[in-house]
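What you see is a predicted model; the values in this text were computed from it and never measured. So that the names make sense, note that chain A is the first sequence line, chain B the second, and so on, each numbered from 1.
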Amino acid sequence: MTNHVRVRFAPSPTGMLHIGGLRTALFNYLFAKHHKGSFVLRIEDTDQARYVPDAEADITTSLKWAGLHVDEGPDKGGKFGPYRQSERSELYSKYAAKLVEDGHAYYAFDTAEEIDNMRQRLQSPDNPTPKYDSVTRMEMKNSLTLPADEVKKRLESGEPHIIRLKVPENETIRFDDLIRGDVSFESRGLDDQVLLKSDGLPTYHLANVVDDHLMEISHVIRGEEWLSSAPKHILLYRYLGWKPPVMAHLPLIMSPKGGKLSKRNAEELGIPINVRDYIAGAYEPAAVINFLAYLGWSTGDDREILTPDEMIATFSLDRVSKSGAIFDLKKLEWYNEHYLRAMPVPQLAGRVREVAEREGYTGLTDAYLETVVRLMIERSVRMPDIVEQGRFLFDAPKTIDEGAVKKAWKENTGELVTEFRDKIAGLSEAEFTAAQVKAVLSGVVEAKGIGFGKLMLPVRLAVTGAGSGPDLFQTMALLGRDEVIGRINRSLDQLATK
RNA sequence: GCCGCGUUCGUCUAGGGGUCCAGGACGCCGCCCUUUCACGGCGGUAGCACGGGUUCGAAUCCCGUACGCGGUACCA
């Protein structure tokens, strides 16, 4: 298994890259890197109707963001290209024709209506979705039922047609899945899968088999939603005379509400569904990757935080679980906090600057921003929280928390705060340090013989507008004497007129 | 309906016949730290779906049931 491991991530550009897709990509990537193999990106754009022009760029951007670098792909090239299926269409029709020639596939001329009619005719409570299969194909319009010369005539006249796989009537198809072990299907339960569509393009089933073989893919690692069609793929490998790659079907990522994680059942829970939403939400890629890695996989020891290298070193498919994993946003947030706090302050400050400037807080020094980061980091989940939760460090509060005022602002509070203000006004800007300001406040408190909080809380309210937050004295020192005094004056006015 | 795959704390999981009256992490709860909040530290809550086997012994093996999920397209 250590020989020439080649895996692929093969998304179809029908929409933005899904978080579940990123997890599939991650597992492929980790497996490839663990075995010193290749990670291939292949774009499965065989569905003209659902094609989304921006999707491929989104996939590429998302993988880069996550740090999953591809060894071969549309942008990167490689000796197995092209890596877009739309650029390989002749290949598929060639193999489809060969399959027909060998008697393992056949031409079908049925219109959509005719297939519909068949389904309606055969539909019953016992069989709600009749298939085009080994029993019904003999009553349809195809090269198995039509005389050879008529088939030829139809083909030559350019009549729209498709190619279907001729699934054997009664056979057990089994394969060994690396995650699930021995899996078997009865061929009678399979339909005669369409291989080549009437637009001349292949379906996923044909295309993935042809490409995986031609690209020398050693392991197919994909979501469990593909397990049911795996036997058809096994059949195709056999009929084409190829050795199938090793299969591994990953457990699905589920919504806390049940079912596959999808836009509908995730976004209302605050779970971003597309990778681009994580990027926009400023999640830490390392956190998302660490979180995703543990969704269906574990190291077997007690580690929770892993660097990419550690993941690569430890990863193995036999430690992937079989059952679906529910997406836990709280755990992702825990990971995100962890990685956020592990980041060097100057680096974080640089990123905070971008957010701050976008909101109009310009002209701030690096030193200022770095202090903001130190003050806010312990109470932020994502980077932009530093600005959102710490807005009072950028701007005077527009409002003062009503509830906190009710609790902390008593009869004589105004006078106390006024006295504190007058005292700090006597400090020079240079003297206006956290320690000094704290000493001033302590002095007032002691002189009045009251509790520390009786004055500290009102001052906090007056300066930040909130009843809680980072250390008040460091906050005031950062803001500076004049700003603090200005805010206190405005708050005093505001609270006096109530 | 049929086919397939699953089922250990609320969640992610460890566990691959005795060392498990089941371990870790997130969450939740409590205490400590702090004359704010948060961080941090400490502690706690909580689980082998059910029923039959096999075995001296089962969370671990087998069968069945229930439940969940996936598939059942000229979509991937």
Could you tell me the separation between the [atom1] atom of [X] and the [atom2] atom of [Y], rounded to the nearest 0.5 Å?
{"X": "A:H213", "Y": "A:H233", "atom1": "NE2", "atom2": "NE2", "answer": "15.5 Å"}
{"X": "A:L22", "Y": "A:F9", "atom1": "CG", "atom2": "CZ", "answer": "7.5 Å"}
{"X": "A:D211", "Y": "A:T46", "atom1": "CG", "atom2": "OG1", "answer": "9.5 Å"}
{"X": "A:D177", "Y": "A:S184", "atom1": "CG", "atom2": "OG", "answer": "12.0 Å"}
{"X": "A:S187", "Y": "A:L235", "atom1": "OG", "atom2": "CG", "answer": "7.5 Å"}

Can you tell me the base-pairing partner of [N]? Count Watson-Crick or G-U wobble geometry only, both distances below 3.5 Å, and say none if there is no partner.
{"N": "B:rU54", "answer": "none"}
{"N": "B:rU7", "answer": "B:rA66"}
{"N": "B:rA14", "answer": "none"}
{"N": "B:rC42", "answer": "B:rG30"}
{"N": "B:rA73", "answer": "none"}
{"N": "B:rU35", "answer": "none"}

Pick base, sugar-phosphate or nothing for [X], based on heavy-atom distances below 4.0 Å to the nucleic acid.
{"X": "A:R319", "result": "sugar-phosphate"}
{"X": "A:D471", "result": "base"}
{"X": "A:G469", "result": "base"}
{"X": "A:S184", "result": "sugar-phosphate"}
{"X": "A:P128", "result": "base"}
{"X": "A:T299", "result": "nothing"}
{"X": "A:R180", "result": "sugar-phosphate"}

Footprint string ([range], 5' to 3'): B base within contact, S backbone only, - free, heavy atoms under 4.0 Å:
{"range": "nucleotides 43-49 of chain B", "result": "-------"}
{"range": "nucleotides 25-31 of chain B", "result": "BBS----"}
{"range": "nucleotides 63-76 of chain B", "result": "------SBSB-BBB"}

Suppose you measure atom [atom1] in [N] against the same atom in [M]; what distance do you get, rounded to whole Å?
{"N": "B:rC48", "M": "B:rA22", "atom1": "C1'", "answer": "8 Å"}
{"N": "B:rC67", "M": "B:rG53", "atom1": "P", "answer": "23 Å"}
{"N": "B:rC75", "M": "B:rG15", "atom1": "C1'", "answer": "40 Å"}
{"N": "B:rC74", "M": "B:rA66", "atom1": "P", "answer": "32 Å"}
{"N": "B:rG47", "M": "B:rA14", "atom1": "C1'", "answer": "13 Å"}
{"N": "B:rC61", "M": "B:rG17", "atom1": "C1'", "answer": "8 Å"}
{"N": "B:rG43", "M": "B:rU7", "atom1": "P", "answer": "32 Å"}
{"N": "B:rC2", "M": "B:rG64", "atom1": "P", "answer": "15 Å"}

Quiz item: Excluding sequence neighbours, so at least two apart, what forms salt bridge (charged side-chain N to carboxylate O under 4.0 Å, His left out) with A:E87?
Solution: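 Only A:R84 meet the salt bridge (charged side-chain N to carboxylate O under 4.0 Å, His left out) criterion with A:E87.
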Practice problem: Please name all residues satisfying salt bridge (charged side-chain N to carboxylate O under 4.0 Å, His left out) with A:K197, sequence neighbours left out, ordered by chain then number. | Solution: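 Checked A:K197 against salt bridge (charged side-chain N to carboxylate O under 4.0 Å, His left out); zero matches.
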Practice problem: Map A:G181 and A:I326 onto RNA chain B by nearest heavy atom, then report which one ends up closer to the 5' terminus. | Solution: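 The 5'-side residue here is A:G181.
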Quiz item: So which one's nearest nucleotide on RNA chain B is more toward 5', A:R341 or A:K438?
Solution: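 The residue mapped nearer the 5' terminus is A:K438.
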Exercise. Report yes if at least one side-chain N or O of A:R174 is closer than 4.0 Å to OP1 or OP2 of B:rG4; otherwise report no.
Key: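 False: A:R174 side-chain N/O out of range (4.0 Å or more) of B:rG4 OP1/OP2.
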Exercise. State plainly whether the residues A:E284 and A:R341 are in salt-bridge range, i.e. N to O under 4.0 Å.
Key: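 No, A:E284 and A:R341 are not salt-bridged.
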Quiz item: Quick one: A:L269 CG to B:rU11 P, roughly how many Å, whole number?
Solution: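 Rounded to whole Å, this separation is 15 Å.
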Exercise. Can you tell me the distance, in whole Å, between the CZ atom of A:R374 and the C1' atom of B:rC39?
Key: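 It works out to 16 Å between those atoms.
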Quiz prompt | Exercise: identify the closest heavy-atom pair between A:T24 and A:I221 | solution =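 Answer, listing the atom of A:T24 first, then A:I221: CG2-O, 3.8 Å.
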Quiz item: Please walk me through it: do A:R50 and A:D47 pass salt bridge (charged side-chain N to carboxylate O under 4.0 Å, His left out)?
Solution: CA-CA 6 Å; A:R50 296 202 305 155; A:D47 187 344; 3.2 Å; yes
Quiz item: Is the shortest heavy-atom distance from the side chain of A:L340 to the side chain of A:E337 under 4.5 Å?
Solution: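 Not in contact.
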Self-check item: Close side-chain approach of A:F327 to A:L269, heavy-atom, < 4.5 Å
Solution: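 When only atoms from C-beta onward are counted, A:L269 and A:F327 do not touch, as no gap falls below 4.5 Å.
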For residues 384-397 of chain A, dump all side-chain donor-acceptor pairs below 3.5 Å to protein atoms at least two apart in sequence or in another chain.
from, atom 1, to, atom 2, distance (Å)
A:D385, OD2, A:V381, N, 3.0
A:D385, OD2, A:R382, N, 2.9
A:R391, NH1, A:E359, OE1, 2.7
A:R391, NH1, A:Y361, OH, 2.8
A:R391, NH2, A:E359, OE1, 2.9
A:D395, OD2, A:K398, NZ, 3.1

Quiz item: Which nucleotide in the list B:rU36, B:rC12, B:rG6 gets nearest to the side chain of A:K322?
Solution: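 Within the option list, the nearest is B:rG6.
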Quiz prompt | Closest listed nucleotide, where the reference is the side chain of A:A325 and the choices are B:rC12, B:rG4, B:rG6 | solution =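 Side chain of A:A325 sits closest to B:rC12.
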Exercise. Check the angle between the aromatic planes of A:F315 and A:F31 and answer parallel, tilted or perpendicular using the 30° and 60° thresholds.
Key: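 Judged by the thresholds at 30° and 60°, the geometry between A:F315 and A:F31 is perpendicular.
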